[in-house]
J.: 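The structure that follows is given in the form of structure tokens.
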Amino acid sequence: MQQKRKIAFLITMLMGLFNTLFSQTMVQFKMMFNNQDFHKDSSYINSAGEMVQIHRFMFYTTKWKVINASNDTINLSNDHFLINADKEQSMVMPFPQLANAKKILFNIGVDSIRNTSGIQTGILDPAVGMFWTWRTGYIMAKMHGISSQAKTAGNRFSYEVGGFQSPYNSVRTIVLELPTNQEKNKSITIKTNLANWFSGKHFIQIGTTPNCHNAGKLAMQLADNYATLFSIHSNH
């Protein structure tokens, strides 16, 4: 009988440890355009009054961390994730349960080591279409679409933001406050406001600058803008 109690106690302890180790919080990006749900190819108006139809929106993210109530920084993942507005499954990521977390942090872009480590595989494979050259590195984020204000063939605009070397490093760190009831929730929704791509910090007019395909001043302005896309939506 005593042996059975020991075994039952051990099983209970192991189950508790299993639940602790494998309980998860789902972090998901929700694409918006201002206060509207974003839908591919729908028409929107940006801050310059320009009509915008977005056909493609993708960005890399990595170095996920949280800061807890004791102000300790806890690493969640150093993996790279490729968020693609066309693929709903790419916008949901499981992380360990974020109990007592006050802030969540992540980078937009690909870290400098991966930019200089030769051929990568998986979502960092150049064949994915998020890569320039071995000298200029990865595209951190891209937005393609059409606008009647774009004075280009087919009224297309194409923003591909990259650069990993100073003074044109387009990686940006995002820090978001979590709701106070977060430890009771199993999911976090990060509202991603695509309208801020054009006006988050710098005013970008498609009619003036419809393209970005290299590191430089415009890429830095767009990187500053995409750092403002994100806010936390509390799930109850």
Side-chain angles (χ1 to χ4, degrees), residues 18-32 38 57-117 120-125 128 130-131 137-143 161-164 169-194 196-197 200 222-235:
F18 181 88
N19 290 333
T20 299
L21 290 175
F22 292 95
S23 57
Q24 294 180 327
T25 295
M26 305 304 293
V27 175
Q28 55 189 346
F29 290 93
K30 180 176 177 59
M31 301 298 163
M32 309 285 292
F38 170 74
F57 178 65
M58 302 166 68
F59 62 90
Y60 281 111
T61 177
T62 187
K63 296 191 183 302
W64 285 81
K65 303 173 184 177
V66 293
I67 296 176
N68 65 16
S70 302
N71 289 319
D72 298 318
T73 299
I74 301 169
N75 185 60
L76 297 178
S77 175
N78 286 322
D79 291 340
H80 284 78
F81 301 92
L82 180 58
I83 310 303
N84 185 342
D86 284 347
K87 297 181 179 180
E88 189 170 344
Q89 68 271 22
S90 77
M91 294 186 280
V92 181
M93 294 162 293
F95 291 124
Q97 189 171 354
L98 308 183
N100 299 315
K102 297 194 306 181
K103 297 178 182 179
I104 191 165
L105 299 77
F106 56 94
N107 282 1
I108 301 298
V110 177
D111 63 47
S112 58
I113 294 175
R114 292 301 186 102
N115 272 282
T116 57
S117 296
Q120 307 288 313
T121 58
I123 62 168
L124 292 172
D125 190 320
V128 171
M130 292 288 285
F131 192 78
Y138 283 90
I139 298 166
M140 311 304 186
K142 70 164 56 172
M143 180 185 286
V161 182
F164 63 94
N169 184 351
S170 59
V171 174
R172 295 293 183 271
T173 299
I174 314 301
V175 181
L176 300 174
E177 298 277 348
L178 290 170
T180 55
N181 63 341
Q182 179 52 48
E183 62 183 278
K184 300 177 183 178
N185 297 328
K186 293 293 185 181
S187 66
I188 296 171
T189 298
I190 301 178
K191 177 181 174 182
T192 307
N193 183 6
L194 275 62
N196 281 13
W197 182 277
L222 288 166
D224 289 343
N225 281 3
Y226 63 56
T228 73
L229 297 182
F230 309 99
S231 60
I232 292 289
H233 174 79
S234 179
N235 292 336

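Keep in mind that the numbers below use all heavy atoms, side chains included, and drop hydrogens, waters and symmetry copies. The first residue in the sequence is number 1, and the count goes up from there.
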J.: Quick one: pull up CD1 in Ile83 and CZ in Phe29 and give me the separation to the nearest 0.5 Å.
T.: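 Those atoms lie 5.0 Å apart.
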J.: Can you list everything that forms a side chain to side chain donor-acceptor pair (under 3.5 Å) with Asn107? Sequence neighbours excluded, please.
T.: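 Asn107 satisfies side chain to side chain donor-acceptor pair (under 3.5 Å) with Thr173 only.
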J.: Going by side chain to side chain donor-acceptor pair (under 3.5 Å), name the residues that satisfy it together with Ser77, two or more places apart in sequence or in a different chain.
T.: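 Side chain to side chain donor-acceptor pair (under 3.5 Å) check on Ser77 returns nothing, list empty.
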J.: Using only atom types and a distance under 3.5 Å, with no angle test, would you say the side chain of Ser90 pairs donor to acceptor with the backbone of Asn84?
T.: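 Flag set: sc Ser90 to bb Asn84 pair under 3.5 Å.
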J.: Could you pull out the closest heavy-atom pair between Asn75 and Lys65, with the gap in Å?
T.: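 Nearest pair, atom of Asn75 first, then Lys65: OD1-CG, 4.0 Å.
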J.: Report the distance from atom CD1 of Ile74 to atom CZ of Phe95, rounding to the nearest 0.5 Å.
T.: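 Answer for the CD1-CZ pair, Ile74 versus Phe95, is 13.5 Å.
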J.: Evaluate side chain to side chain contact (heavy atoms under 4.5 Å, CB included) for Tyr226 paired with Met140, printing each intermediate quantity in order.
T.: CA-CA 10 Å; Tyr226 63 56; Met140 311 304 186; 3.5 Å; yes
J.: Backbone N or O of His80 within a donor-acceptor pair of the Tyr60 side chain at under 3.5 Å?
T.: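 Checked: no pair found.
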J.: Return the minimal non-hydrogen interatomic distance between Leu229 and Phe57, and the atom names on each side.
T.: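 Looking at all heavy atoms of both residues, the shortest contact is CD1-CZ, 3.8 Å.
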J.: Could you walk me through whether Ile232 and Ile188 pass the side chain to side chain contact (heavy atoms under 4.5 Å, CB included) test, one step at a time?
T.: CA-CA 7 Å; Ile232 292 289; Ile188 296 171; 3.5 Å; yes
J.: Looking only at heavy atoms, what is the nearest atom pair of Pro96 and Leu76, with distance?
T.: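 Residues Pro96 and Leu76, closest heavy atoms: CD-CD2, 4.1 Å.
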J.: List in chain and number order the residues that pass salt bridge (charged side-chain N to carboxylate O under 4.0 Å, His left out) with Glu88, two or more places apart in sequence or in another chain; answer none if no residue qualifies.
T.: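 Applying salt bridge (charged side-chain N to carboxylate O under 4.0 Å, His left out) to Glu88 gives none.
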J.: Between atom CD1 of Ile108 and atom OG1 of Thr62, what is the distance when rounded to the nearest 0.5 Å?
T.: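 The distance works out to 10.0 Å.
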J.: Using the test side chain to side chain donor-acceptor pair (under 3.5 Å), find all partners of Thr61 that sit at least two apart in sequence or belong to another chain.
T.: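 Side chain to side chain donor-acceptor pair (under 3.5 Å) check on Thr61 returns Trp64.
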J.: Return the CG to CE distance between Asp79 and Met93, rounded to the nearest 0.5 Å.
T.: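 So the CG of Asp79 and the CE of Met93 are separated by 11.0 Å.
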J.: Counting only heavy atoms not in Lys191, do more than 12 fall under 6.0 Å of its NZ?
T.: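 Buried by this count: over 12 neighbours within 6.0 Å.
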J.: Under a 3.5 Å distance rule, please check whether Thr189 uses its side chain to pair with a backbone N or O of Gln28 as donor and acceptor.
T.: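 Answer holds: no.
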J.: Please state whether the rings of Phe106 and Phe230 are parallel, tilted or perpendicular, taking 30° and 60° as the class boundaries.
T.: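 Perpendicular, since the angle between the ring planes exceeds 60°.
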J.: The criterion is side-chain contact (heavy atoms from CB on, under 4.5 Å); which residues satisfy it with Lys103, sequence neighbours excluded?
T.: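 Counting only residues at least two positions away or on another chain, Lys103 forms a side-chain contact (heavy atoms from CB on, under 4.5 Å) with Ile67, Leu105, Val175, Glu177.
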J.: Going by side chain to side chain donor-acceptor pair (under 3.5 Å), name the residues that satisfy it together with Ser112, two or more places apart in sequence or in a different chain.
T.: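 Residues passing side chain to side chain donor-acceptor pair (under 3.5 Å) with Ser112: none at all.
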J.: As a quick check of understanding, evaluate side chain to side chain contact (heavy atoms under 4.5 Å, CB included) for Met143 and Phe59, giving each step before the final call.
T.: CA-CA 9 Å; Met143 180 185 286; Phe59 62 90; over 6 Å; no
J.: Verify side chain to side chain contact (heavy atoms under 4.5 Å, CB included) between Lys102 and Asn71, making sure each step is shown before the conclusion.
T.: CA-CA 8 Å; Lys102 297 194 306 181; Asn71 289 319; 2.8 Å; yes
J.: Kindly give the heavy-atom pair with the smallest separation between Phe131 and Ile139, and that separation in Å.
T.: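 Nearest heavy atoms, Phe131 then Ile139: N-CD1, 3.8 Å.
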J.: Rounded at 0.5 Å granularity, tell me how far CG in Asp111 sits from NZ in Lys63.
T.: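 Answer for the CG-NZ pair, Asp111 versus Lys63, is 4.5 Å.
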J.: What pair of heavy atoms forms the shortest contact from Leu178 to Ala101, and how long is it?
T.: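 Closest approach of Leu178 to Ala101, heavy atoms only: CD1-CB, 3.6 Å.
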J.: Just verifying a value: how many Å separate Ile104 CD1 and Ile190 CD1, rounded to the nearest 0.5 Å?
T.: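 These two atoms lie 5.5 Å from each other.
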J.: Hey, are the side chains of Tyr138 and Leu124 touching, using non-hydrogen atoms and a 4.5 Å cut-off?
T.: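 Yes, at least one pair of side-chain atoms sits under 4.5 Å.
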J.: State, to 0.1 Å, how close Val161 and Ser170 come at their nearest heavy-atom pair, and which atoms those are.
T.: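 Heavy-atom minimum between the residues: CG1-CB, 3.9 Å.
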